[in-house]
Amino acid sequence: MINKYHSVKPVFNNKLPQLFIETYGCQMNVNDSEVVLSILQDAGYALCEKIEEADLILVNTCSIRDNAEQRIWGRLDHFKVLKKKKKSGLTVGILGCMAERLKDELLNHAGVDLVAGPDSYRDLPRLLAQIRGGDKQINTMLSQEETYADISPVRLDKNGVSAFISIMRGCNNMCTYCVVPYVRGGERSRDPESILREAAELFENGYREVTLLGQNVDSYHWVEESNPTKTTNFAQLLERVALISPQLRVRFSTSHPKDMGDSVIHTMAMYENICKHIHLPVQSGSDNMLAKMNRKYTRKEYLERVKRIHEIIPGCSISTDIIAGFCGETEEDHLQTLSIMKEVGYYTAFMFQYSERPNTKAARHYPDDVPSEVKTRRLNEIIALQNELSLISNQADLGKEFEVLVEGPSKKSDKELCGRNQQNKMCVFPAGEHKIGDFVKIRVTSCSSATLKGIEIK
Ligand code: SAH
Ligand code: SF4
Ligand code: F3S
């Protein structure tokens, strides 16, 4: 049963205490900010769009690389100034992964009143009430169970077409470079009924695309409490979400190459509305590096997965994440990364320099010994190659037909609309009579490395 009275979008009301939320990091954090807004709207706050109007600023932070944290320290100094200026009082709270990692170190900053980790958001109303008593507050308890399953996020997206749904939290994988398991805790899956309810509610409210989120969606596993023989795996969940409506596109992220089984690939092939795109982070093309990263697959096994995807889902696009300059990476290892990129032909990639994170296994056991200028040079080579691969991938689409879900006007002109095809490529085409949320069939007529341009076909 869908609660028709729940507000999917923020309710603005300047008579209530004004809340401003700033979000950094991954899609999980974007969705967590929506959960936080839902909790605080219920506690009597209303969202505001200008930071100067805020009585409460919440910053949802990321710890994945050092530069992500440095940005936040810079913001904190700015908040200190804002606090001095605002005579009626301003409360600043730090949420998310950096809150969990640094705890009191953040709370001690003069710009900060509140520190709350990713599993403590239900406690925010109580913590905020305590702050009014004058003391700084902190809650960084991690939980084995929290999934915020019963909380309907208040959506912060701009277009009202595409939304994120968290299907699990935490991570059990322990990749040696990664801080996520420490700041997000152990993996737990969310009740499928609550996921289906949320997806159906979004569809009823005009949304046409949902992205199911988890650090490793392929290990989604729900066990019915009342009947432990009844379980749901990711392929089954994906199918149930796809069955809500053929008019609702379904995406998901992230797949782990070691866990992505054939059943998920077959489910994708079976349903027209499951988007033909897989984000499959490779991290490195070298077996030495993959072993040291504890990724638990080899180059050969990764390529076998890619082959399987192409066999079962014709026209499926693949994107990836790559780390340049991990501990002990040789020139030969780096060349292996460049060669696997070419072999797979990624249409896009997120590419990073290795950044040592305190207390991870890599930080404790492997020296961060690739010189900074070598990391930068290797990353630049990876980026340059990816630009070529993106262009080649887009050129291969010239003349092809795709269905695009309209997200809004194109950046360059309001006579044009933009949106993504199932393969997750950004497409631009003349607007005609179409509006946001429409599905439009186009034929690709030209491209750059970033965009496909096309015309509508009836
Ligand atoms: N759970 C996802 C990714 C989460 S983090 C997965 O397993 O793929 C997103 C990306 O950040 C990772 O895929 C990795 O490429 C990058 N990353 C993580 N830790 C990093 C570090 N210490 N330095 C540089 N990049 C890192
Ligand atoms: Fe980090 Fe690995 Fe978990 Fe991804 S799977 S969040 S990279 S530990
Ligand atoms: Fe996401 Fe950054 Fe945390 S990538 S899980 S917000 S460390």
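Each ligand, and each atom within it, is numbered from 1 in the order the structure gives.
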Check if Gln353 has a non-hydrogen atom at a distance under 4.0 Å from any atom of ligand 1.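 Per 4.0 Å heavy-atom rule, Gln353 contacts ligand 1.
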Taking the non-hydrogen atoms of Val180, is any one of them nearer than 4.0 angstrom to ligand 1?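 Val180: no contact with ligand 1 (<4.0 Å).
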Within 45° cone of Phe402 ring axis and under 6.0 Å: Lys425 NZ or CZ: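 No - Lys425 does not lie over the ring of Phe402 by the 6.0 Å and 45° rule.
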Okay, side chain of Asp369, backbone of Gly328: is any donor-acceptor separation there less than 3.5 Å?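 Yes: the side chain of Asp369 pairs with the backbone of Gly328.
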So, are Arg197 and Asp191 salt-bridged, with charged N and O less than 4.0 Å apart?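 No, Arg197 and Asp191 are not salt-bridged.
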Can you check which of Met28, Gln215, His279 brings a heavy atom nearest to atom 1 (N) of ligand 1?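 Answer by nearest heavy atom: Gln215.
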Return the closest protein heavy atom for atom 2 (Fe) of ligand 3 as residue, atom name and distance.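 Of every protein heavy atom, Cys62 SG, 2.4 Å lies nearest to atom 2 (Fe) of ligand 3.
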Among all the protein's non-hydrogen atoms, which is closest to atom 7 (S) of ligand 3, and how far away is it?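 Closest protein heavy atom to atom 7 (S) of ligand 3: Ser63 N, 3.3 Å.
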Presence of N, O or S from Cys178 under 2.8 Å of atom 1 (Fe) of ligand 2: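 So Cys178 does bind atom 1 (Fe) of ligand 2 by this criterion.
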Between ligand 2 and Arg295, can you find any atom pair, the residue atom being a heavy atom, that is separated by under 4.0 Å?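 True for this residue.
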Under a heavy-atom criterion of less than 4.0 Å, does Gln215 contact ligand 3?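 The answer is yes: ligand 3 sits under 4.0 Å from a heavy atom of Gln215.
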Within the stated cut-off of 2.8 Å, is an N/O/S atom of Cys26 closer than that to atom 1 (Fe) of ligand 3?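 For Cys26, the answer is yes, given that an N, O or S atom comes within less than 2.8 Å of atom 1 (Fe) of ligand 3.
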